Amino acid sequence: MFVIATAGHVDHGKSTLVRALTGMEPDRWAEERRRGMTIDLGFAWTALPSGRTVAFVDVPGHERFVTTMLAGVGPCPAAMIVVAADEGWCVQSGEHLAALDLLGVRHGLLVITRADLADPAPALAEARTRLRGTCLEAIPALAVSGATGQGLPELATALDRLAAGLPPPDTDGPVRLWADRVFTMTGAGVVVTGTLAAGTLRAGQTLHLGGEPVRVRGLQTLNTSAGAVTATARVAVNLRGPVSPSRGDALLTPGAWHLTTSADVRLSPGEPPKGDLFLHIGSAAVPTRIRPLGEGTARLSFARPLPLRVGDRALLRDPSRSAVTTGVVVLDVRPPVLTRRGAAAARGAALAAAGASPGAAKAAPGTRDAVPRDAVPGGGLPGAADLLRWHGLLSGADLATMGVTVPPSPLPGGWHADPEHWAGLRKALVEAVTGAGDRRLTVEAATHLLGLPDRRLTRALIAPPLTVEAGVIGRQDLAPPPLPAHLRHAIDRLRAELAGRPFEAPNARRLAELGLAGRNLVAAERAGAVLVVTDGVVLLPDAADRAAERLRSLPAPFTVSQARVALRTTRRVAVPLLEMLDGLGRTIRREDGSRTCTAVN
Ligand SMILES: Nc1nc2c(ncn2[C@@H]2O[C@H](COP(=O)(O)OP(=O)(O)OP(=O)(O)O)[C@@H](O)[C@H]2O)c(=O)[nH]1
Ligand SMILES: [Mg+2]
């Protein structure tokens, strides 16, 4: 299906054209027909000569209904700009064109209608001049009459050709269905309609609405029930349960979108807007505050959370004026807090430099096809490298929901780090280990100290001169403090006792006999000569490595008692040893108490 929105000045003949092409009435309300004016969005469809279906979103032209016009155009991939031959280019012709241009709508038709009332040539010439320099500059044009039907077959053919030339939608992509109409059906509950620009919807699936899960009870497209609907399409989604969405809300693929109340954006050239503004994206219009950051960039704060991605295009409008003068391109949807003096200017400069690195973002899925990088006002789109430079460390899932192509991850756990940030972390870790001296710095403690979200990252940071043994990070170039002679003998005796059965830890009495109690034990542990698993359970330093190795030969998952047998020890040792391995990330404890080994070694 091909979905196209109308655009153009009030009374120029948009609805008449849609009616003439489809035989359907786009002006659904009695009031619209009484006043002879479109007030709300209208929907109509028909088959084109090729057999392809075209669906129209018919918008109002009157300046009072600009919010409705933008809600209709927002999610559509193409527009049909309608100009009356007898009136020529008018105020809303220009305002609608400006909005389409700022939204980056690059596909469309210019239709000079009411050609039965006047020679269409002057209106066409004027419209061509107005289109010059916009992204719709090169669209085909034709003259028609909605009243006599003149030119309508040619218009149908032009629509067919336009549809065939559109880039294919990403039908596997995440769904962001902006609601443009919400109504209740007796017996069926709430129905949300919208233009599905990307992805596939399925009956029975769960989506998110305002952060809450909702079930899809049923789907319709063009008044026909369907088990699944694939982009691009007009779709009606029947929702289960007590939900009350409104126009501008979005049905989302769970986990695929980041809901944000602020975003850093690039502004279209011109004086940045001020005061109380509205952000228009998809079918939404949300009160928004603006804080300029630097030349051509700003931070926006929204009155309610929005599902935004890097590369999304939106409009900023001053509600006291009908004209839209500013377009925005979203650069970051998780903008860092700006506290220090000069932080705003530095952030502005960083945003301005975005997109210079390789692997820049693909255009935001969900609305339109890829906007060429040179077509983004003021520069390219940020890519993964830019986002990592701004955020330091992000998971692959973070990057994906932020809307950029996720590069292969060189780090465990699917993490991505900015090279400079990573080098800084490594330096901090070396300093922490050095500063700790003969106190033990465990992987766990270092993870906490560096504020890392995953201890596998700490392990990945350990490289010469750092070493790790039994979960304790050390420096290979710093010799361990020498053991006094009496302790050396005690350790030798312990080593001899554990030679055959490395996990059969001596009991408290035996430890005392060996001379490994109290301060002696503390000193031996500091020197890395023993591993204190827990109070009273003392093994040799390599015990954790050897235990992990032995457990890996067990079928997974294994129970505590299977582990105990494999390690040839008692529960007194097996239980705390397994807990230590859990803490080191080498085993994972499942809910039923059994465990599996991880790939960490
Ligand atoms: N003679 C003639 N009249 C037309 C033609 N197209 C539209 N009209 C008339 O122009 C008036 C406005 O037409 P609409 O189709 O309602 O215009 P619109 O652009 O949808 O208006 P809004 O939705 O309010 O912005 C109506 O009286 C139509 O009958 C045409 O091709 N020829
Ligand atoms: Mg109309």
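Order of listing sets the numbers, starting from 1, for every ligand and every atom in it. It should be emphasised that the depicted structure is a prediction, and the values quoted were computed from it without experimental measurement.
- Scanning the protein for heavy atoms near atom 17 (O) of ligand 1, the closest one is G13 N, 3.0 Å.
- The protein heavy atom nearest to atom 16 (O) of ligand 1 is G36 O, 4.0 Å.
- Residue M37: no N/O/S atom is found under 2.8 Å from the Mg ion (ligand 2).
- Taking every non-hydrogen atom of M37 and a distance limit under 4.0 Å, the qualifying atoms of ligand 1 come out as 24 (O).
- Looking from atom 21 (O) of ligand 1 to the surrounding protein, the closest heavy atom is D11 N, 3.0 Å.
- Side-chain contact annotation: S262 with R334, donor-acceptor N/O pair under 3.5 Å absent.
- Scanning Q150, R114, Q92 for the heavy atom closest to atom 3 (N) of ligand 1 points to R114.
- Applying the 4.0 Å criterion to heavy atoms of S15 picks out, from ligand 1, the atoms 15 (O), 18 (P), 20 (O), 23 (O).
- Contact check on R106 versus D101 returns no salt bridge, with no Lys/Arg side-chain nitrogen under 4.0 Å from an Asp/Glu carboxylate oxygen.
- Checking D332 against H391 by side-chain atom types alone, a donor-acceptor pair falls below 3.5 Å.
- Residue contact check: A147 has heavy atoms under 4.0 Å from atoms 1 (N), 2 (C), 30 (C), 31 (O), 32 (N) of ligand 1.
- Here T38 reaches the Mg ion (ligand 2): one of its N/O/S atoms is less than 2.8 Å from the metal.
- Using modelled atom types and a 3.5 Å distance limit, the side chains of T297 and D264 yield no donor-acceptor pair.
- Close approach to G61 involves these atoms of ligand 1, each under 4.0 Å from a residue heavy atom: 22 (P), 25 (O).
- Of the N or O atoms in L117, none lie within a sub-3.5 Å distance of an N or O in ligand 1.
- The single protein non-hydrogen atom nearest to atom 24 (O) of ligand 1 is T38 N, 3.1 Å, given as residue, atom name and distance.
- Those atoms of ligand 1 with a heavy atom of D116 less than 4.0 angstrom away are 1 (N), 2 (C), 30 (C), 31 (O), 32 (N).
- Close contacts between ligand 1 and G146 involve ligand atoms 30 (C), 31 (O) [criterion: under 4.0 Å to a heavy atom].
- Atom 29 (O) of ligand 1 has T16 OG1, 4.2 Å as its closest protein atom, hydrogens excluded (heavy atom only).
- For atom 18 (P) of ligand 1, the closest non-hydrogen atom on the protein side is K14 N, 3.4 Å.
- Residue T113 has at least one heavy-atom neighbour below 4.0 Å for each of these atoms of ligand 1: 31 (O).
- Crowding of R161 atom CZ: a count of heavy atoms from other residues, nucleotides or ligands under 6.0 Å not exceeding 12.
- Salt bridge E137/R128: absent, no basic N to carboxylate O contact under 4.0 Å.
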